[in-house]
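One structure is given below, encoded as structure tokens.
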Amino acid sequence: MMSDQRPQAVANVQIDNERVIVTEWTFAPGAETGWHTHEHDYLIVPITTGKLMIESDEDVHWSSLTSGASYERREGTRHNVVNDNDFEFVFIEIEMRYTST
């Protein structure tokens, strides 16, 4: 899918250390993250309730998120996330870096 005309979501990195990366993502209506691949396992904590369009190599689907209802995914996920609401959408992404001991 072409996404050249969509506005970009704003990423505010709150923590970036040897253990985690915590990023607040703020999406204007219609804004997207841009295509990316996750290098770490991660958690999403929705701040807003609404739906996001998820574009992947396999398909396009919609995910309904509820404020405070977290979910997790494994590294390697390649996708583009688009705010499919007519209002601002915000979530916190927590990427977990693992180190061997």
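Here the structure is a predicted model, which is why all the values come from computation and not from measurement.
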CA sep, side-chain torsions, deciding dist, call: Glu93, Val13, side chain to side chain contact (heavy atoms under 4.5 Å, CB included)
CA-CA 9 Å; Glu93 175 185 74; Val13 177; over 6 Å; no

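- Below 30°, between 30° and 60°, or above 60°: for Phe91 and Phe89 the angle between ring planes is above 60°, a perpendicular geometry.
- Looking only at side-chain heavy atoms (C-beta outward), Asp57 and Arg78 come within less than 4.5 Å of each other.
- Under the 4.5 Å side-chain heavy-atom criterion for Ile, Leu, Val, Met, Phe, Trp and Tyr, Tyr42 and Phe27 are members of the same hydrophobic cluster.
- The 12-atom threshold is exceeded at CD of Glu88, counting heavy atoms of other residues, nucleotides or ligands nearer than 6.0 Å.
- Checked against the 6.0 Å centroid criterion, the rings of His38 and His40 do not qualify as a close aromatic pair.
- Proximity of a side-chain donor or acceptor of Arg19 to a complementary backbone N or O of Met96 within less than 3.5 Å is not detected.
- Taken together through direct or relayed side-chain contacts under 4.5 Å among Ile, Leu, Val, Met, Phe, Trp and Tyr, Leu65 and Val45 form parts of separate hydrophobic clusters.
- A chain of hydrophobic side-chain contacts below 4.5 Å, direct or via other Ile, Leu, Val, Met, Phe, Trp or Tyr residues, connects Val82 to Trp62.
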Report, one line per pair, each donor and acceptor closer than 3.5 Å where one atom sits in a side chain of residues 66-77; sequence neighbours left out.
residue, atom, partner, partner atom, Å
Ser67, OG, Ile47, O, 2.9
Arg74, NH1, Asp41, OD2, 3.0
Thr77, OG1, Arg74, O, 3.0

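- To the nearest 0.5 Å, the span separating CE on Met53 from CG on Asp84 amounts to 6.0 Å.
- A distance of 5.5 Å separates OG1 in Thr33 from CH2 in Trp25, rounded to the nearest 0.5 Å.
- Smallest separation of non-hydrogen atoms from Ala31 and Ala9: CB-N, 3.9 Å.
- To the nearest 0.5 Å, atom CG of residue Asp16 and atom CD of residue Gln14 are 11.5 Å apart.
- Counting only distance, with no hydrogens or angles, the side chain of His36 and the backbone of Gly34 share a donor-acceptor pair below 3.5 Å.
- Between the side chain of Asn85 and the main chain of Lys51, a donor-acceptor pair closer than 3.5 Å is present.
- Taking hydrophobic clusters as Ile, Leu, Val, Met, Phe, Trp and Tyr residues chained together by side-chain heavy-atom distances below 4.5 Å, Val10 does not share a cluster with Ile44.
- Once rounded to the nearest 0.5 Å, the distance linking CG of Leu43 with CD of Glu95 reads 10.0 Å.
- Here Ile21 contributes atom CD1 and Ile15 contributes atom CD1; the two are 11.0 Å apart, rounded to the nearest 0.5 Å.
- Between atom CG of residue Leu52 and atom CG of residue Asn83 there is a gap of 6.0 Å, rounded to the nearest 0.5 Å.
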